[in-house]
*Asks:* 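Let me give you the structure first, and then I'll get to my questions.
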Amino acid sequence: MSDKEMNVESFNLDHTKVKAPYVRLAGIKTGEQGDAIHKYDLRICQPNKAHMEMPALHSLEHLMAELSRNHTDKILDISPMGCQTGFYVSLINHDDYDDVLDLIDKTLNDVLVAEDVPACNEMQCGWAASHSLEGAQALARDLLAKRNEWNQVFA
């Protein structure tokens, strides 16, 4: 690992020391008008040991993006990590960590009872053939089973 501080926060995180699953505050950016963007690292798979398969990850992204907004108007974005080990959850003016955990919990429980993947068609999705509702639900089920570990970032 480089001794030089990197511009990207997650590049400064020692991925060999974390223990997934977890949810951690990855950063706060304050806008010129005082709005604060809180970015959370929702890590599902252990870095460099496991990853989510793309159809399941893709469907979980669609489901969480749509269903999370039923619980709050503070969600800005839910973005998958390129390494396929988790998501970034960005909220505006919301710094209550426990409430963020509850929001993720509620959203994942919604995923478990979903009957289809939202916007899973060629008009609304850039790769509509790459989805798995069952895979997304399995990821949600596994993550919820370890709910009591989400606040423990390091091994």
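Because the structure is a prediction, the values reported are computed rather than measured. Values reported hereafter were calculated over all heavy atoms of this structure, with side chains retained and with hydrogens, waters and symmetry mates removed. The chain is numbered in sequence order, starting from 1.
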*Asks:* What do you reckon, is CD of Glu122 surrounded by more than 12 foreign heavy atoms closer than 6.0 Å?
*Replies:*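 Not buried by this count: 12 neighbours or fewer within 6.0 Å.
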*Asks:* Got a second to check how far Leu144's CG is from Leu108's CG, nearest 0.5 Å?
*Replies:* 4.5 Å
*Asks:* Listing request: all ring-ring contact (aromatic ring centres under 6.0 Å, His included) pairs with a residue in residues 113-143, at least two apart in sequence or in separate chains.
*Replies:*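 As it turns out, the ring-ring contact (aromatic ring centres under 6.0 Å, His included) pairs with a partner in residues 113-143, which skip direct neighbours, are His58-His131, His62-His131.
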*Asks:* Answer yes or no: is there an ion pair linking Glu9 with Arg24, defined by an N-O contact shorter than 4.0 Å?
*Replies:*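 Yes, charged N to carboxylate O under 4.0 Å.
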*Asks:* Enter the distance from Glu134:CD to Leu139:CG here, rounded to the nearest 0.5 Å.
*Replies:* 12.0 Å
*Asks:* Among all residues two or more places apart in sequence or in another chain, which pass the side chain to side chain donor-acceptor pair (under 3.5 Å) test with Asp105?
*Replies:* Asn109, Arg147
*Asks:* Where is the tightest heavy-atom contact between Val89 and Leu91, given as atom of each residue plus distance?
*Replies:*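 Closest heavy-atom pair between Val89 and Leu91: CG1-CD1, 3.9 Å.
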*Asks:* Working to the nearest 0.5 angstrom, can you tell me the gap between Asp73 CG and Ser68 OG?
*Replies:* 11.0 Å
*Asks:* How far does CE of Met52 sit from OG of Ser59, to the nearest 0.5 angstrom?
*Replies:*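 Answer rounded to 0.5 Å: 11.5 Å.
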*Asks:* If we check side chain to side chain donor-acceptor pair (under 3.5 Å) with Tyr22, which of these qualifies: Glu149, Lys146, Arg43?
*Replies:* Arg43
*Asks:* Lys17: what forms a side chain to side chain contact (heavy atoms under 4.5 Å, CB included) with it, not counting sequence neighbours?
*Replies:*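 So Lys17 forms a side chain to side chain contact (heavy atoms under 4.5 Å, CB included) with Asp14, Phe154.
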*Asks:* Would you say CG of Asn48 has more than 12 non-hydrogen atoms from neighbouring residues, nucleotides or ligands within 6.0 angstrom?
*Replies:*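 Open.
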*Asks:* Does one hydrophobic cluster hold both Val18 and Val100, with members joined at side-chain heavy-atom distances below 4.5 Å?
*Replies:* no
*Asks:* Is it true that a side-chain atom of His51 and a backbone atom of Lys49 form a donor plus acceptor pair closer than 3.5 Å?
*Replies:*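 Pair absent, no side-chain N/O of His51 close to backbone of Lys49.
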*Asks:* Return yes if some donor-acceptor pair links the side-chain N/O of Trp150 with the main-chain N/O of Ile104 below 3.5 Å, else return no.
*Replies:* no
*Asks:* Which residues pass the side chain to side chain contact (heavy atoms under 4.5 Å, CB included) test with Ala65, sequence neighbours left out?
*Replies:* Arg69
*Asks:* If you look only at pairs with a residue in residues 68-126, which of them pass as a ring-ring contact (aromatic ring centres under 6.0 Å, His included), with sequence neighbours excluded?
*Replies:*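 Listed by first then second residue: nothing to list.
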*Asks:* Looking at NE2 of His38 and CG of Asp35, how far apart are the two atoms once the value is rounded to the nearest 0.5 Å?
*Replies:* 11.0 Å
*Asks:* For Asn121 and Gln124, work out which heavy atoms get closest and say how close.
*Replies:*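 Heavy atoms of Asn121 and Gln124 come nearest at ND2-OE1, 2.6 Å.
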*Asks:* Go through it in stages, so that I can follow the logic: the residues are Val111 and Leu67, the test is side chain to side chain contact (heavy atoms under 4.5 Å, CB included), and I'd like the CA-CA distance, side-chain angles, deciding distance and then a yes or no.
*Replies:* CA-CA 8 Å; Val111 168; Leu67 298 172; 4.1 Å; yes
*Asks:* Leu143 and Ile44: which non-hydrogen atoms are nearest, and at how many Å?
*Replies:* CD2-CG1, 3.8 Å
*Asks:* Cluster question for you: counting only ILVMFWY and a side-chain heavy-atom cut-off of under 4.5 Å, with indirect links fine, are Ile37 and Leu25 together?
*Replies:* no
*Asks:* Partners of Gln46 by side chain to side chain donor-acceptor pair (under 3.5 Å), sequence neighbours excluded?
*Replies:*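 Per chain and number, Gln46 pairs via side chain to side chain donor-acceptor pair (under 3.5 Å) with no residue.
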*Asks:* Would Ser90 and Ile75 count as a side chain to side chain contact (heavy atoms under 4.5 Å, CB included) here? Give the steps.
*Replies:* CA-CA 6 Å; Ser90 298; Ile75 291 285; over 6 Å; no
*Asks:* Using modelled atom types only, decide if a donor and an acceptor are shared between the side chain of Ser132 and the backbone of Ala56 within a distance under 3.5 Å.
*Replies:*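 Here the side-chain-to-backbone pair does not exist.
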*Asks:* Test your reading of the model: is there a side-chain donor-acceptor pair from Gln137 to the backbone of Leu112, 3.5 Å cut-off?
*Replies:*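 Between the backbone of Leu112 and the side chain of Gln137 there is a qualifying donor-acceptor contact (under 3.5 Å).
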*Asks:* To the nearest 0.5 Å, what is the distance between CG on Leu103 and CG on Asp98?
*Replies:*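 The CG atom of Asp98 is 12.5 Å from CG of Leu103, to the nearest 0.5 Å.
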*Asks:* Short question: side chain of Asp41, backbone of Ala26 - any donor-acceptor pair under 3.5 Å?
*Replies:*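 A pair under 3.5 Å: no.
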